[in-house]
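Each chain gets a letter, A, B and so on, in the order the sequences are listed, and its residues count up from 1.
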Number of protein chains: 2
Amino acid sequence: METQSTPPHRLAALARLRDAKLRPTKQRLALAKLLFEPGDHHVTAEILFEQAQAAGVKVSLATVYNTLHQFTTAGLLREVVVNSACTYFDTNITGHHHFFFEDSGELIDIDGANVDIRGLPKAPDGARISRVDVIIRLSGQE
Amino acid sequence: METQSTPPHRLAALARLRDAKLRPTKQRLALAKLLFEPGDHHVTAEILFEQAQAAGVKVSLATVYNTLHQFTTAGLLREVVVNSACTYFDTNITGHHHFFFEDSGELIDIDGANVDIRGLPKAPDGARISRVDVIIRLSGQE
DNA sequence: CAACAGTTTAGAATGGTTTTAATTTGTGAA
DNA sequence: TTCACAAATTAAAACCATTCTAAACTGTTG
Ligand SMILES: [Mn+2]
Ligand SMILES: [Mn+2]
Ligand SMILES: [Zn+2]
Ligand SMILES: [Zn+2]
């Protein structure tokens, strides 16, 4: 009987959690898988909760919120603020910007590497820039 | 006895309401005065409500919310989305951007005329850009 | 003035998010 | 493996900015 090797995606999720010093619980592992396997995307707590249920993962909404915040604090996720109705979390943690479809709530990434912002005043004295967000708001109307 | 002339600030508030086709009620007039006399600034519903109370204006929080939304719809105010905890309204309706102090919640305007953003992809087909928001987030730490 | 639509309001409801406090689970030592 | 303990999960309640409801009030117009 061969040694059962851990599948690579599980390894990746485990490694992420280990690096973030978060215990690899069933729930965190399952949520990490849902978040990081599909590639860059944006979720709300509610959406991730539904995806977990659809995938048969037994997890509470409170844990989804806890996990999203812990991952954000650990730098595995980023929060995107586009409206006050609900919080989006972004699995793309590189410097980038967003199109925001105001009608549907959909977000699309804009690579930050090509974007150049000129003419900004320097930050007020004693302040440190933690991030520059550019949000292009789109109305449905043609 | 001379004719009592309407003071200019009251005239201005009246004119704004007339142009916006909103009835000049006591509450709207008082809120317009608090909003538009001091020059460009940013308020939340709660802040404006407190300012009204401090000024002895009898108005309910519900009316403050109603009025802020009506003024926004009429183009007299702009909403600024910087965090999901509460909604800011901006009396500066020209194209401009913001410094946002994440610690204090304070907003400072950045004149849009000097800012030039290059390298943005064009809007997806069928979409119309309703606004481009630039938010520079500042942490307290030096 | 009267009549009526528009406005205000207190209080209830909403809904995304956080908190509570009890239970369960992961970990490291023995 | 077992134990003990800290960490994590959870159902349920609480929170709180905002919106809704429906009854009272007010501005306008004739
Ligand atoms: Mn948060
Ligand atoms: Mn609104
Ligand atoms: Zn993104
Ligand atoms: Zn502003």
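- For H96(A) against I110(A), the heavy-atom pair with the smallest separation is CB-O, 3.1 Å.
- Rounding to whole angstrom units, CZ of residue F71(B) and P of dT7(C) are separated by 11 Å.
- One finds a side-chain N or O of T25(A) lying less than 4.0 angstrom from the OP1 or OP2 phosphate oxygen of dT9(D).
- Rounded to the nearest 0.5 Å, atoms CZ (R118(A)) and CG (N114(B)) are 14.0 Å apart.
- Atom CG of L29(A) is separated from atom P of dT25(C) by 15 Å (rounded to the nearest Å).
- Of the options H69(B), H42(B), H41(B), a ring-ring contact (aromatic ring centres under 6.0 Å, His included) to F89(B) is made by H69(B) and by none of the others.
- Across all non-hydrogen atoms, the minimal contact from I47(A) to V43(A) is CG2-CG1, 4.2 Å.
- In this entry the distance linking NZ of K21(A) with P of dT27(C) reads 15 Å, nearest Å.
- When every heavy atom of S139(B) is checked against every heavy atom of D103(B), the shortest pair comes out as C-OD2, 3.8 Å.
- The shortest distance between the side-chain N/O atoms of K26(B) and the OP1/OP2 oxygens of dT8(C) is not below 4.0 Å.
- Distances shorter than 4.0 Å separate none of the side-chain N or O atoms of Q70(B) from OP1 or OP2 on dT7(C).
- If you take CD of E79(A) and C1' of dT17(C), they are 11 Å apart, rounded to a whole angstrom.
- Remark: K58(A), V59(A), S60(A), A62(A), T63(A), N66(A) in residues 54-68 of chain A come within less than 4.0 Å of DNA chain D through at least one heavy atom.
- A sub-4.0 Å separation between OP1 or OP2 of dT9(C) and a side-chain N or O of Q27(B) is present.
- Using a 4.0 Å cut-off, no side-chain N or O of H69(B) falls inside it from OP1 or OP2 of dT18(D).
- In this entry the distance linking CZ of F49(B) with P of dA10(C) reads 8 Å, nearest Å.
- Taking the charged nitrogens against the carboxylate oxygens, D19(A) and K21(A) have no contact shorter than 4.0 Å, which rules out a salt bridge.
- Within the 4.0 Å cut-off from OP1 or OP2 of dT17(C), at least one side-chain nitrogen or oxygen of T87(A) is found.
- Atom CG of L14(A) is separated from atom P of dG26(C) by 12 Å (rounded to the nearest Å).
- The hydrophobic cluster around V82(B) extends to V80(B), Y88(B), F100(B), L107(B), I135(B), counting ILVMFWY residues whose side-chain heavy atoms fall within less than 4.5 Å of a member.
- Straight-line distance from the CD atom of E46(B) to the P atom of dT19(D): 13 Å, rounded to whole Å.
- Applying the 4.0 Å criterion to OP1 and OP2 of dT28(D), one finds that R23(B) has every side-chain N and O outside that range.
- In this structure, CZ of R28(B) is placed 11 Å from P of dT9(C), rounded to the nearest angstrom.
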